[in-house]
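What follows is a single structure, written as structure tokens, with notes after it.
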Amino acid sequence: MDEPKTARQQMRRIARSALQRLGLYPLASRVWRRARSFAARWSNVCKELPADVDAPPYEDIPAGYDIICLPVIPWNSRFQRPQQLMREWAARGHRVFYASVVFHDDCEARVRQVGNMPGVSEMALPSPRELNVYGHLPSAADVARMVAAIDTLRRQRRIAAAVVVVQLPFWTALAERLRQQFGWPVVYDCMDDHSGFSTNSDEMLEAEEQTIATADLVVVTSDVLKKKVERRAKRTALIRNACDYEHFAAVSPLPSGEEPEVRALPTVGFYGAIAEWFDAELVAQLAASRPNWRFELIGSTYTGDVSRLAKLPNVALLGEKPYAELPRLMASWHCCIIPFKRIPLTEATNPVKAYEMLAAGKPVVAVDLPELRSLAEEGLVALADDAAGFAAAIEAAIAQDGAMPRERRRAFAAANTWRNRCDVLDEAVCSLFPLASIVVVTYNNLALNQECLGSISRHTDWPNYEVIVVDNASTDGTPEWLRELADKAVFGQRLQVICNGENRGFSGANNQGMRAARGQFLCLLNNDTVVTRGWLSTLIGHLRARPDVGLVGPVSNRVGNEAKVPVEYNTPEEMPRWAAKYCWRHDGETFPIEMLGFFCVVFPREVCERVGELDERFGVGCFEDDDYCRRAREKGYQILCARDAFVHHWLEASFQLLARQQYLDIFHENKRRYEAKWAARQHQSEDVTIETQATGLTIGGR
């Protein structure tokens with residue numbers, strides 16, 4: 001190990017001597033140091049993926065878009081809205097990549113699973129270690145490093161459809177770059193009035209203005225915030241805070257307030273940040289006026305002034321406590337308080353702890369905040385303005401406490417859970433993606449139909465899609481199975497089934513499906529296919545990035561043109577792992593192609609409107625794809641094949657139900673019709689086979 005180092009040192013001495021003789025040494029030394037520093041810092045920005053690097057371990061990824069969360073607090077901080085929503089998303093089968101607020105000097109994102117939460121990973125990004133998300137904004141170079149790291153992670157983890165959730169203005173520039181580069185929509189989860197934080201600079205507030213104006217969706221937690229942002233945002237959604245009901249409902253009830261000792265010696269509690277917005281003076285006055293009461297305050301006092309509280313013998317400052325311990329600590333409280341100062345920051349706040357305290361069944365007394373007034377009108381909380389008002393309200397709440405009031409509080413909390421909120425948020429996020437309509441034509445082959453539709457359900461991460469199945473008079477139980485499937489929750493409301501009384505052929509049935517489709521993007525998918533993770537998102541991504549492209553299709557194991565690729569799997573079970581590795585190695589790669597086999601093709605609705613429907617002169621099948629691609633090229637559209645999307649194709653499943661001569665008769669007749677239509681010979685050999693003809697199509701849904 002020492003010899004190479006000694007040799008390098010000797011070479012440096014020789015070079016230094018030569019430069020000194022020429023009088024260039026000081027300048028050359030400075031240039032070299034700067035160049036070396038620059039190269040080390042930015043090598044990851046332009047770094048190509050090494051050809052000899054093995055693909056990452058295969059993950060059996062559930063269907064669902066991914067979430068890139070750019071948060072306001074660390075994951076291991078107080079467990080609040082950011083972590084609660086991400087946990088709920090993960091519980092639905094989405095992968096969550098939760099950014100760390102601490103950076104490192106490596107090139108790639110460091111990813112680790114969070115505790116015992118499958119689906120949630122903390123993602124530490126490269127940037128200067130001294131970068132403070134609460135006091136600084138990243139430079140353009142910092143953003144470039146982060147984007148490069150996330151790009152590598154995207155390829156490694158097969159992230160195709162994703163949403164970027166921003167919760168702090170610091171991340172604005174990064175979110176915008178991710179949208180530009182990958183087409184991921186941006187959601188700004190605006191939880192607070194950031195102008196109310198003393199730590200926020202004018203530069204940070206300007207960044208928030210940009211976030212509000214450019215985000216695809218701005219989510220707000222209160223009416224005050226909604227009024228503040230709705231005129232500047234493209235789209236807003238009011239999604240208030242909520243509670244982890246099961247966690248806080250585990251708090252056991254105390255004896256009734258009718259007990260004399262409860263009224264005489266109650267314990268009053270608060271948890272949360274005891275910060276600049278916490279009215280410590282109000283609590284001190286309250287505690288001084290009720291020396292027989294015990295006050296337990298849980299939370300960090302980092303930016304709060306608790307000097308007077310610390311001197312009071314009946315006040316216990318317990319410090320920060322783990323989220324898991326809160327129910328145990330709250331069990332002895334007779335009443336909870338929310339003693340915030342009335343400032344713009346808190347006026348715009350929808351307090352999470354109000355929902356949690358009600359879930360625990362505890363009486364709550366709070367200052368008169370706008371978001372708590374409706375709860376007060378329902379008798380769920382009491383409002384007060386000063387220490388005397390708090391004391392009277394606490395006494396009344398304890399005296400009136402009992403089984404019925406506790407039941408009402410918990411019922412309200414049970415109807416306002418993070419699960420409910422995530423339902424609303426998920427629906428809003430899905431609507432940010434254009435609707436895609438997948439048309440599948442079936443004709444017998446029940447087992448293949450089941451495998452095809454099952455793979456769509458398992459592996460389609462594009463969040464906004466519908467499936468339209470048109471059955472061409474199957475007689476093997478397919479129509480009955482499709483009707484049963486439509487009644488189940490496999491596809492939710494996404495599935496529409498059309499059963500024909502006769503076989504209308506491939507073109508006719510697909511035209512039926514396209515007429516019923518509502519999507520901005522249309523996909524024709526054969527029933528003898530098995531799709532893989534990211535298939536639809538990747539194909540739509542290429543169309544959105546290239547407005548000149550009219551049709552795009554994947555590579556496959558069996559198709560009669562250059563879209564066919566050699567595969568290294570032997571069973572359907574081996575296919576997803578191989579496909580993930582293949583698409584990883586060919587990320588972003590496409591090539592122009594004259595004709596796409598319509599076993600899987602995606603195109604914008606406007607292409608269908610300009611080019612028209614499939615030509616039904618071709619009857620049960622063959623040459624309608626050649627015809628359609630030629631018509632699309634005549635309209636000026638490019639046609640692409642995507643190497644980073646793979647769809648397994650069993651090939652000619654319905655043709656195999658026919659005698660070979662019957663198939664050849666259909667092929668030759670449609671070949672004649674095609675050539676008569678276009679007055680050109682496309683196929684030179686009469687000795688055609690399934691493998692050499694360029695269509696890869698089948699009869700009546702194949």
Side-chain angles (χ1 to χ4, degrees), residues 56-104 108-126 133 146 149-168 170-171 174-175 178 182 184-189 191 219 239 241-248 322-326 352 356 417-426 428-430 458 461 463 533-534 537 580:
Y58 172 72
E59 297 178 78
D60 187 12
I61 308 168
Y65 58 91
D66 296 316
I67 296 95
I68 308 296
C69 182
L70 306 178
V72 65
I73 54 176
W75 180 269
N76 60 359
S77 181
R78 286 184 301 276
F79 208 73
Q80 298 182 84
R81 181 185 177 98
Q83 300 99 318
Q84 295 280 14
L85 287 175
M86 296 306 126
R87 182 172 67 171
E88 284 298 328
W89 249 319
R92 286 164 162 75
H94 301 280
R95 294 181 302 176
V96 174
F97 298 92
Y98 191 97
S100 171
V101 298
V102 178
F103 303 95
H104 61 80
E108 297 183 352
R110 296 177 182 172
V111 177
R112 66 175 185 86
Q113 183 177 319
V114 173
N116 60 349
M117 289 191 185
V120 180
S121 299
E122 187 176 44
M123 173 181 65
L125 296 171
V133 299
M146 296 181 199
I150 293 174
D151 188 20
T152 300
L153 180 66
R154 175 190 64 82
R155 291 180 288 175
Q156 290 175 338
R157 300 298 180 94
R158 194 79 174 111
I159 302 173
V163 60
V164 182
V165 178
V166 178
Q167 295 173 333
L168 187 69
F170 169 87
W171 304 105
L174 173 60
L178 293 175
F182 307 122
W184 298 339
V186 174
V187 174
Y188 177 36
D189 190 14
M191 293 172 271
V219 176
I239 302 178
N241 287 321
C243 66
D244 178 359
Y245 179 75
E246 289 78 9
H247 185 69
F248 288 93
Y323 177 76
E325 292 185 19
L326 288 178
V352 175
E356 296 171 344
T417 65
W418 292 115
R419 190 175 298 113
N420 302 143
R421 300 296 191 257
C422 200
D423 288 340
V424 178
L425 183 54
D426 178 68
V429 166
C430 288
R458 291 190 305 272
D461 60 344
R533 167 81 183 184
S537 300

Notebook entry, point to check: In Å and rounded to the nearest 0.5 Å, what is the CG to OH distance from Leu168 to Tyr188?
Noted result: 7.5 Å
Notebook entry, point to check: If you take all heavy atoms of Arg154 and Asp151, which pair is closest and at what distance?
Noted result: NH2-OD1, 2.8 Å
Next item on the list: Flag yes if more than 12 heavy atoms outside Arg419 fall under 6.0 Å of its CZ atom; otherwise flag no.
Entry: no
Margin query: Using 0.5 Å steps for rounding, measure from the SG atom of Cys430 to the CG atom of Leu425.
Written below: 9.5 Å
Checklist line | Heavy-atom closest contact (Arg95 atom, Arg158 atom, distance) | finding: NH2-O, 3.4 Å
Notebook entry, point to check: Side chains of Ile67 and Leu85: closer than 4.5 Å at any heavy-atom pair?
Noted result: no
Notebook entry, point to check: Is there side-chain contact between Glu88 and Thr417, with heavy atoms separated by less than 4.5 Å?
Noted result: no
Notebook entry, point to check: Which of parallel (below 30°), tilted (30 to 60°) and perpendicular (above 60°) describes Tyr65 and Trp89?
Noted result: perpendicular
Next item on the list: Apply side-chain contact (heavy atoms from CB on, under 4.5 Å) to Leu174 and Leu125, showing your working.
Entry: CA-CA 11 Å; Leu174 173 60; Leu125 296 171; 4.2 Å; yes
Next item on the list: State, yes or no, whether a side-chain contact exists between Val111 and Arg157 at a heavy-atom distance under 4.5 Å.
Entry: yes
Next item on the list: Return the minimal non-hydrogen interatomic distance between Ala161 and Asp461, and the atom names on each side.
Entry: N-OD2, 3.4 Å
Margin query: Using modelled atom types and a 3.5 Å cut-off, is there a donor and acceptor pairing between side-chain atoms of Trp75 and backbone atoms of Ala99?
Written below: no
Notebook entry, point to check: Would a 4.5 Å heavy-atom cut-off, applied to side chains only, mark Pro71 and Trp171 as touching?
Noted result: yes
Margin query: Could you check whether Gln84 and Arg81, counting side-chain N and O atoms only, form a donor-acceptor pair closer than 3.5 Å?
Written below: no
Item checked: Side-chain heavy-atom pair Trp184, Ile159 within 4.5 angstrom cut-off -> yes
Margin query: Using 0.5 Å steps for rounding, measure from the CZ atom of Arg110 to the OG atom of Ser121.
Written below: 15.5 Å
Note to self: Is there a side-chain contact between Val352 and Trp418 in this structure, where contact means two heavy atoms from C-beta onward sitting under 4.5 Å apart?
What the structure shows: yes
Check: Does a salt bridge link Arg533 with Asp66, judged by any charged N lying under 4.0 Å from a carboxylate O?
Finding: yes
Check: Looking at OH of Tyr98 and CG of Asn76, how far apart are the two atoms once the value is rounded to the nearest 0.5 Å?
Finding: 9.0 Å
Margin query: With rounding to the nearest 0.5 angstrom, report the CZ to CD distance, Phe248 to Glu356.
Written below: 3.5 Å
Note to self: Counting C-beta onward and ignoring hydrogens, is there a side-chain heavy-atom pair between Asn241 and Gln80 closer than 4.5 Å?
What the structure shows: no
Margin query: Quick check: closest heavy atoms across His247 and Tyr323, and the distance to 0.1 Å?
Written below: NE2-O, 3.0 Å
Notebook entry, point to check: Which pair of heavy atoms, one from Ala149 and one from Ala109, lies closest together, and at what distance?
Noted result: CB-N, 3.6 Å
Item checked: Closest approach of Phe170 to Val133 (non-hydrogen atoms, all atoms of both residues) -> CB-O, 3.3 Å
Next item on the list: Check whether any side-chain N or O of Arg92 sits under 3.5 Å from a backbone N or O of Asp426 as a donor-acceptor pair, and report yes or no.
Entry: no
Margin query: So Asp244 and Arg87, do their side chains get closer than 4.5 Å, heavy atoms only?
Written below: yes
